[in-house]
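To start, the structure itself, in structure tokens.
A quick note: this is a predicted structure, and the numbers were derived from the prediction, not measured. Convention: sequence-line order gives letters A, B, ...; per-chain numbering from 1.
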Amino acid sequence: MDYGKERVVALVDMDCFYVQVEQRLNPELKNKPCVVAQYKTWKGGGIIAVSYEARAHGVGRNMWVDDAKTLCPDLQVARVRESHGKADLTHYRDASVEVIHVMSRFAVIERASIDEAYMDLTSAVQQRLKTMAGGQIDPKLLKTTYIQGYPRSSTELETSEHRSRGLQEWLTSLPHNSSGDKISPDLQLTVGALIVEEMRAAVEKDTSFRCSAGISHNKVLAKLACGLNKPNRQTVLPLDSVPELFSSLPISKIRNLGGKLGASITEALGVENMGDLTQFSKAVLEQHFGDKTG
DNA sequence: AGGACCCATAAC
DNA sequence: GTTATGGGT
């Protein structure tokens, strides 16, 4: 009876947020390999955010600036403000509030961190569906949307052409929204994606900040989906595409399973990926890992 | 020489 | 209830 498909949930994640905040403040940093670092004294300071241009050179978080400069000699470095000898993130918190205010025009927001927010779009989707005649959706309204698992046939590498073909195939396979019928979960996700496209456009217009998003039926899947196409893109993860995605997905990629719990699962059950893990019953998982965790 | 901070859950 | 621990940004 469609258990697990009742809600439409999105996770929005700002792309290299601290970098974007510094780039808005100093436009010369835009479109350049750029990092935000704190504490200058030790090896040039620790990197806490990395632009995608810098990532292409192999620069990552938790690197020292001195090490990153050998990978990327023309790296631009913005510094976190310091007050009383400590890193002061007030600046980024204020920017976060700006973003939350824009997003709150579209749905109730659950702030998950300084640069991430979850939202339950279920009721917003229902409302939108009422105002939509026929239920046909123009792919031009989903310019930055990927449908995970589509197109179903091709295995070619990821291209923008590949994206739009997958979207086309998805949209044409959607059932029509005739009144009286139960609305399909897939259509609900698609309308959710429509709303998130609008929300992300508003965030960029009003704050200049870009972000990525995942749209699915729960928080874990939305978070997973968000990471599939970054930056500045959004991904719909339909439940039917989950088994294939899970079949080769390391357990550590799932939120909250990146640490000791994930390692204990691998050890206790002898499984490496999520596809294998889903073969175990809830009773078995509870027996191993306790009531709540199981 | 990762630290500061936030959140959820477990343990007491 | 408070504290401790783990996971994450």
Legend entry - Candidates A:Q234, A:M119, A:R105, A:E204 - the one meeting side chain to side chain contact (heavy atoms under 4.5 Å, CB included) with A:M199: A:M119

Legend entry - Within residues 88-99 of chain A: residues closer than 4.0 Å to DNA chain C (heavy atoms): none

Inset, instruction - Starting at atom OH of A:Y39, determine the distance to atom P of B:dG3, rounded to an integer number of angstrom. - result: 10 Å

Inset, instruction - Determine the interplanar angle of the A:F17 and A:F209 rings, folded into 0 to 90°, and report it as parallel if under 30°, tilted if 30 to 60°, perpendicular if over 60°. - result: perpendicular

Inset, instruction - Can you tell me, in whole Å, how much space there is between the C1' of C:dG8 and that of B:dG2? - result: 15 Å

Inset, instruction - Take nucleotides 4-9 of chain C nucleotide by nucleotide from the 5' end and write B, S or -, depending on whether a protein heavy atom sits under 4.0 Å from the base, only from the sugar-phosphate, or from neither. - result: --SSSS

Inset, instruction - Could you state the atom-to-atom distance from CZ of A:F17 to P of B:dC6 in whole Å? - result: 16 Å

Inset, instruction - Please report the shortest heavy-atom distance between A:L174 and A:T190, naming the atom on each side. - result: CD1-OG1, 3.5 Å

Inset, instruction - Decide whether A:T122 and A:E6 meet the rule of one side-chain donor and one side-chain acceptor closer than 3.5 Å. - result: no

Inset, instruction - Would you kindly say whether A:T90 and A:D88 are connected by a side-chain donor-acceptor distance under 3.5 Å? - result: yes

Inset, instruction - Provide the full list of side-chain hydrogen bond (donor to acceptor under 3.5 Å, both in side chains) pairs with a residue in residues 30-44 of chain A, sequence neighbours left out, each pair given once. - result: none

Inset, instruction - For A:W64 and B:dG3, give me the distance from atom CH2 to atom P, rounded to whole Å. - result: 9 Å

Legend entry - Nucleotide B:dA11, atom C1' - distance to CZ of A:F289 in whole Å: 19 Å

